Amino acid sequence: MSALSNERPLSALALLREGFPLITHDDVLDLASDAPLEAAHEVSDRWLNRLPRPITDVAARFTDPHEVRVFALSSLAAASVALVNVRFFHRGRLYRPPLYLNVVGPAASGKGAARFALRLLHDVAPLFASGPPVVCEDGETRKPRLVLPADMSNAGLVGQLQANGGRVLIESSELDTLSGVQANQWSSLDALLRQGAEHEAIGATGKGGTTVIDDPDTAVLLTGTFDQFEVMFRSSENGLFSRFGFHVTAGERRWDPGMTDAEAEALHDALRHARAEIASVYGHLVDLESPVSLSLGAEEVALIDGVFDALVRWATEAELPDTYLSSVFRAAVIAKRYAAVVHALDAWSVRGPTSDHERLPRWAVEVGVYLALHHLDHSLRLLPLLPGRRTAVQGAMKRALQLLRRLGAEFERNEAVGVGEELGIAPRTVDSYLAKLRSSGHLRPGDRSGTYVKTARAGGRRSPYDPPDPDGQFDDDSWAGLTVG
């Protein structure tokens, strides 16, 4: 059983502080800095060590901290597709555990550890494929196949889903292969992913007719670079972005001498043990006569409501785009999916569920919420890469300038809040504007705590603290570089 099961329960505020520290900082929207991606919140060792033992035993064998985290998150996404006959409700709708994870980062940043996570399904895959071949509606005969590459055609993917009974893990180590299968198929594939995340019917028309999967269980595990991310998410309004959990590997990189032969052997031994445990969980679940329904107690429901209500209010006051608000709303489902996965891997490897109704333990819900918050932090950092973000937030940037022009050469925060009230700007939004103005070089800290001084870029007096200004002046158009508002 997880070590976290014996710890004191965390409050919503404590979880927010640990999983989404931006909410407690004055510079909550300081994404115009030189390296917003490098500053992304990282999964802490404290929480990594609270994942189920099959995951932590393998993760501990990696020597690069980026690879440790990529493997841990990827392994949960991979294992989620093995949890058959498991369900839960969220806001009256029925959901199941399969997760969507997208790992984004530059070359040599640890993304390759996701490939090891796929090996956790090596013992499950032959069990899944042991059934007889299926004659699909498109006329093709297919054997069940649990893991599919992302470069399949849309019709081929739906046909394989039919052979699989609606269950699949779509994977790719090159993110743009998913969006580049065929340009004229993207709208269909995009819809498949969006509907699959909600277990809604998906279909495709091929030579043999139309194939419809009424109740799919699709998990997705993708890795790729920032350029590939932009290729895949070519629209910020269609809802695909908000259905993924994102992990950015853009932090500090260093030379890793790699593993010794003994360390590599230990890694593979740990992988063999972990994949056997996951196959054991799958075996117990596939033999169930009826699905097991997971539920939350009143305190856990209040925890999730408290966390995500606070995030919705924060994102609204900060004037973040609707794309991000959608991510916040869907993160509650992601939290429950993670909770289901960690509970299943922790409790059901030796024996399966003992009842067709089980309550998710508090520790599993806390882990799920923490990981969902981590993804929200990273999806916020990726917002500037989505198309249309610069023009969409231009108005908010001009409001920040309007606030700045109403203030003196040196002022206190309370003065800025007062002017903000006159302009109809909430205090928290004023704080975010002040943080932006600092990061863009229009303000610097004053000599006294809580004071700000305009730089020459903002019409104030030039000082040694001012950033270079080769043009010697500032105009409103330079705000176009600030891409979140």
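Residues: numbered from 1 along the sequence shown. Note that the structure is predicted; figures quoted are calculated from it, not measured.
- For the residue pair His247 and His374, a side-chain donor N or O sits within less than 3.5 Å of a side-chain acceptor on the partner.
- When the options Val220, Leu99, Leu118, Asn164 are evaluated for a side chain to side chain contact (heavy atoms under 4.5 Å, CB included) with Leu169, the one that passes is Leu118.
- Between Val307 and Leu16, the closest side-chain pair of non-hydrogen atoms falls below 4.5 Å.
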| request: Go through Tyr338 and His375 one step at a time and tell me if the ring pair (Phe, Tyr, Trp, His ring centres under 6.0 Å) criterion holds. | output: CA-CA 12 Å; Tyr338 270 123; His375 290 319; 5.6 Å; yes

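- Side chain of Ser280 to backbone of Ala276: no donor-acceptor contact under 3.5 angstrom is found.
- Contact of the Val84 side chain with the Arg167 side chain is registered, since non-hydrogen atoms from C-beta on lie closer than 4.5 Å.
- In this structure, the side chains of Ile170 and Leu221 stay at 4.5 Å or more apart for every pair of heavy atoms.
- Inter-residue side-chain proximity for Val281 and His284 is flagged as unmet; no heavy-atom pair is nearer than 4.5 Å.
- Between Arg362 and Glu300, at least one side-chain N (NZ, or NE/NH1/NH2) sits under 4.0 Å from a carboxylate O, which counts as a salt bridge.
- To the nearest 0.5 Å, the span separating CD1 on Ile304 from CD on Glu299 amounts to 13.0 Å.
- By the 4.0 Å N-to-carboxylate-O rule, Arg46 lies close enough to Glu18 to be salt-bridged with it.
- A perpendicular orientation is assigned to the rings of Trp314 and Phe20, their planes being inclined by more than 60° (bins at 30° and 60°).
- Remark: the backbone N or O of Gln228 is paired with a side-chain donor or acceptor of Thr225 at under 3.5 angstrom.
- Between the side chain of Ser172 and the backbone N or O of Ala150 there is no donor-acceptor pair closer than 3.5 Å.
- At least one donor-acceptor pair closer than 3.5 Å links the side chain of Asn85 to the backbone N or O of Leu285.
- The closest donor-acceptor contact from the side chain of Gln160 to the backbone of Leu148 lies at 3.5 Å or more, if one exists at all.
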| task | Apply side chain to side chain contact (heavy atoms under 4.5 Å, CB included) to the pair Glu198 and Arg93, showing each step before the final yes or no. | result | CA-CA 9 Å; Glu198 308 296 330; Arg93 292 189 59 178; 3.7 Å; yes

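- Between His343 and Trp363, the distance separating the two ring centers is not shorter than 6.0 angstrom.
- Remark: Leu94 CG to Arg96 CZ distance equals 6.0 Å, nearest 0.5 Å.
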| query | For Arg87 and Val292, what are the C-alpha separation, side-chain angles and deciding distance, and is it a side chain to side chain contact (heavy atoms under 4.5 Å, CB included)? | reply | CA-CA 6 Å; Arg87 65 183 189 178; Val292 57; over 6 Å; no

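- Put simply, the side chain of His199 never gets that close to the backbone of Asp215: no donor and acceptor are under 3.5 Å apart.
- Taking the ring centroids of Phe233 and Phe246, they lie under the 6.0 Å cut-off.
- A 4.5 Å side-chain heavy-atom check between Arg337 and Ser80 finds every atom pair outside the cut-off.
- Atoms CG and CZ, on Asp64 and Phe71 in that order, are 14.0 Å from each other to the nearest 0.5 Å.
- Asp138 has a carboxylate O that lies under 4.0 Å from a charged side-chain N of Arg142, or vice versa, which qualifies the two as a salt bridge.
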| task | Carefully, step by step, assess Phe88 and Leu296 under the rule side chain to side chain contact (heavy atoms under 4.5 Å, CB included). | result | CA-CA 9 Å; Phe88 61 87; Leu296 275 68; over 6 Å; no

| query | Can you list the steps and then say if Thr249 with Val103 is a side chain to side chain contact (heavy atoms under 4.5 Å, CB included)? | reply | CA-CA 7 Å; Thr249 61; Val103 181; 3.8 Å; yes

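- From Leu157, atom CG reaches atom CD of Gln162 across 12.5 Å, with rounding to the nearest 0.5 Å.
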| query | Would Ser242 and Arg330 satisfy side chain to side chain donor-acceptor pair (under 3.5 Å), going step by step from the backbone distance to the final call? | reply | CA-CA 7 Å; Ser242 62; Arg330 290 198 169 100; 2.5 Å; yes

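- Using a 4.5 Å cut-off on side-chain heavy atoms (C-beta onward), Phe308 and Leu311 make contact.
- How far CG of Leu76 is from CG of Leu371: 6.5 Å, rounded to the nearest 0.5 Å.
- Checked by atom type and distance alone, the side chain of Lys336 never pairs as donor or acceptor with a backbone atom of Ala331 at under 3.5 Å.
- Put simply, the side chain of Asp356 does not reach to within 4.5 Å of the side chain of Ser293, judged on heavy atoms.
- Between Phe116 and Phe62, the ring centre distance stays below 6.0 Å.
- If you take CD1 on Ile278 and CG on Leu120, they are separated by 4.5 Å, rounding to the nearest 0.5 Å.
- For Arg243, the CZ atom sits in a packed shell: over 12 heavy atoms of surrounding residues, nucleotides or ligands are nearer than 6.0 Å.
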